[in-house]
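Below, read A as the first sequence line, B as the second, and so on, with proteins coming before strands; counting in each chain starts at 1.
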Protein chains: 2
Amino acid sequence: MFRVLEQADLPSRIADLVLRAIGDGLLRPGERVTEARLAEQMGTSRAPVREALRLLESQGLIVSHPRRGFFVKSYNADELLEIYDLRECLELHNAQAVIAKMTDDDFKRLEAQVELLKQLGAEGRTQEQVVEDYAFHRMLCEVGGNSRILKLFDQIATELRSGIALVGRIYDNPVEIAKTHDPIIEALRARDVIRLRDELHEHLQDATTHVVEIYRQWPASPAEDLPGYPLSPIQQQKAR
Amino acid sequence: MFRVLEQADLPSRIADLVLRAIGDGLLRPGERVTEARLAEQMGTSRAPVREALRLLESQGLIVSHPRRGFFVKSYNADELLEIYDLRECLELHNAQAVIAKMTDDDFKRLEAQVELLKQLGAEGRTQEQVVEDYAFHRMLCEVGGNSRILKLFDQIATELRSGIALVGRIYDNPVEIAKTHDPIIEALRARDVIRLRDELHEHLQDATTHVVEIYRQWPASPAEDLPGYPLSPIQQQKAR
DNA sequence: TCCGTGTCAATCGTCGACAATCGACGAACG
DNA sequence: CGTTCGTCGATTGTCGACGATTGACACGGA
């Protein structure tokens, strides 16, 4: 029996929509997400909505306070630093495996990906460049071969993407950014672990400081506020 | 208003019980976990049970197959290797931060913990030794200061503990194992990053090979089986 | 004997409803 | 005027029930 169109289950679809809503800035950090409202909007009952939110919670994009409800996670600079630190942890460790396992074919694909990055940068398509940038680093994790690390990277990536979406575009100079991948390619070509790690370290350090800088000058992070029930669902207010 | 005894919510309590059941070998890897049965045993409806299982799923201890149900995660040697690889990734990265941030007081507590390990080893209390061993490494992560990494470590620890429970006691020679922490303490005392990382690497490598060895000679890993519905809830059987 | 088909029981996914709990708001009190 | 207490609406946590889907099993044909 053919299953022509594998319909994703309800919770996943709902989670996708919420994710997109966050990414598009429709749901802002700290904002409340009410089960009933979402359920109504989706035309379902609360059960699958709940599952979707719990799924997103496990991925760090939603936080829940017992008996209070769900809220879009808002990040402060410290948290972003921790996430980037973790990312660096993964990527540097992964670098070793990459050098050990990389085939010539892998290398070619990585090289091609950087070319794509440059092209997108030159054309000013920063949106897509961000996506493809992550794709490049993801490819490295794939080559590394630890599915666990790959999964973690994916999780971090979505978190960073959504956490960064609200800050607006990251890349001041797309062309510049694309070029910073060149040394990584060179290290890969030379199969030099130490150099690869150094380059990745610098690369990620740059990204970190850049993002955090932007983040700092942002309107005093939305803070982890807990709106009370009877409030209009959008506004926020301090609690406790 | 005092809240003398903060009653944990239902899902968490259920998750705890399931976790304990897994740790005690009451629920074996690959075994099916039926919502209705668990709900009946807990005297609740299926809703909180579902939440508990999804929670454990997000922690990797339970896997779910859509429309099929929940099963206790069973690990094969490769997966264990990946987990240990990730753990090493975290701990080695964390080592740097430890050296940078460790106070004298931190060091004393770490030293004391190793003493405790030795004592437990000498007394043959291997069960507690395992727990305190994790506690030691957890302390390192605490000192490191990245809450994200700490959380991940905790997750990995529970996973490994439950995944290893079925294999029986790990430590052939508890006294020996306890001693292998000494070089780590020495590296910490000298505040030598490189040495610390080397020692941790060796330490974890030992643990890895040890566990995997035991794992290999185990009755051909329970495999990721998918029991069908009408089966007695305990037995397993291949599918597809 | 082997393979395809139909039936069946078990179980999950989803639903609507109810009770418990929370914060906000306003009144009473010092 | 500031603080405490009670009430209220909104929302979550939990429940029982129903339909949908799955794999196991029995049967029949090649």
Task: Pairs meeting criterion salt bridge (Lys or Arg N to Asp or Glu O under 4.0 Å) with involvement of residues 80-90 of chain A, two or more places apart - done: A/R87-A/E91
Open item on the list: Short of 4.0 Å, heavy atom to strand atom, which residues of residues 38-47 of chain B count as contacting DNA chain D?
Closed with: B/T44, B/S45, B/R46, B/A47
Open item on the list: Distance check needed: C/dG23 C1' versus A/F71 CZ, whole Å only.
Closed with: 11 Å
Task: Separation of atom NE2 in A/H65 from atom C1' in D/dT11, rounded to whole Å - done: 15 Å
Task: Separation of atom CG in B/D9 from atom P in D/dC15, rounded to whole Å - done: 13 Å
TODO: For A/Q155, enumerate each residue passing the side chain to side chain donor-acceptor pair (under 3.5 Å) test, keeping only those at least two apart in sequence or located in another chain.
DONE: none
- [ ] Just jot down the side chain to side chain donor-acceptor pair (under 3.5 Å) partners of B/Q113, sequence neighbours excluded, or say none.
- [x] B/E132
Open item on the list: I need the CZ-P distance between B/R67 and D/dA20, as an integer number of Å.
Closed with: 10 Å
Task: side chain to side chain contact (heavy atoms under 4.5 Å, CB included) partner of B/R13, the single match among B/D16, B/D9, B/L10 - done: B/L10
Open item on the list: Test of understanding: with ring pair (Phe, Tyr, Trp, His ring centres under 6.0 Å), list the residues that count as partners of A/H137, not counting sequence neighbours.
Closed with: A/H181, A/H203
Open item on the list: Under the side-chain hydrogen bond (donor to acceptor under 3.5 Å, both in side chains) test against A/R125, which residue among A/E128, A/Q127, A/Q129 passes?
Closed with: A/E128
Open item on the list: Rounding to an integer number of Å, can you tell me how far B/R32 CZ sits from C/dA10 P?
Closed with: 12 Å
TODO: Report the nucleotide, chosen from C/dC22, D/dT12, D/dT14, that has the shortest atom-to-atom distance to any side-chain atom of B/P11.
DONE: D/dT14
TODO: Measure the CD1-CG distance between A/I22 and A/L17 for me, rounded to the nearest 0.5 Å.
DONE: 11.5 Å
Task: Side chains of B/F153 and B/N94 in contact at under 4.5 Å (non-hydrogen atoms) - done: no
Task: A/R68 vs C/dG23: side-chain N/O to OP1/OP2 distance below 4.0 Å - done: yes
Open item on the list: Under 4.0 Å, heavy atom to any atom of DNA chain C: which of residues 48-58 of chain B qualify?
Closed with: B/R50
TODO: Decide whether A/Q205 and A/Y84 meet the rule of one side-chain donor and one side-chain acceptor closer than 3.5 Å.
DONE: no
TODO: Could you check how far CZ of B/F70 sits from P of C/dC12, rounded to whole Å?
DONE: 8 Å
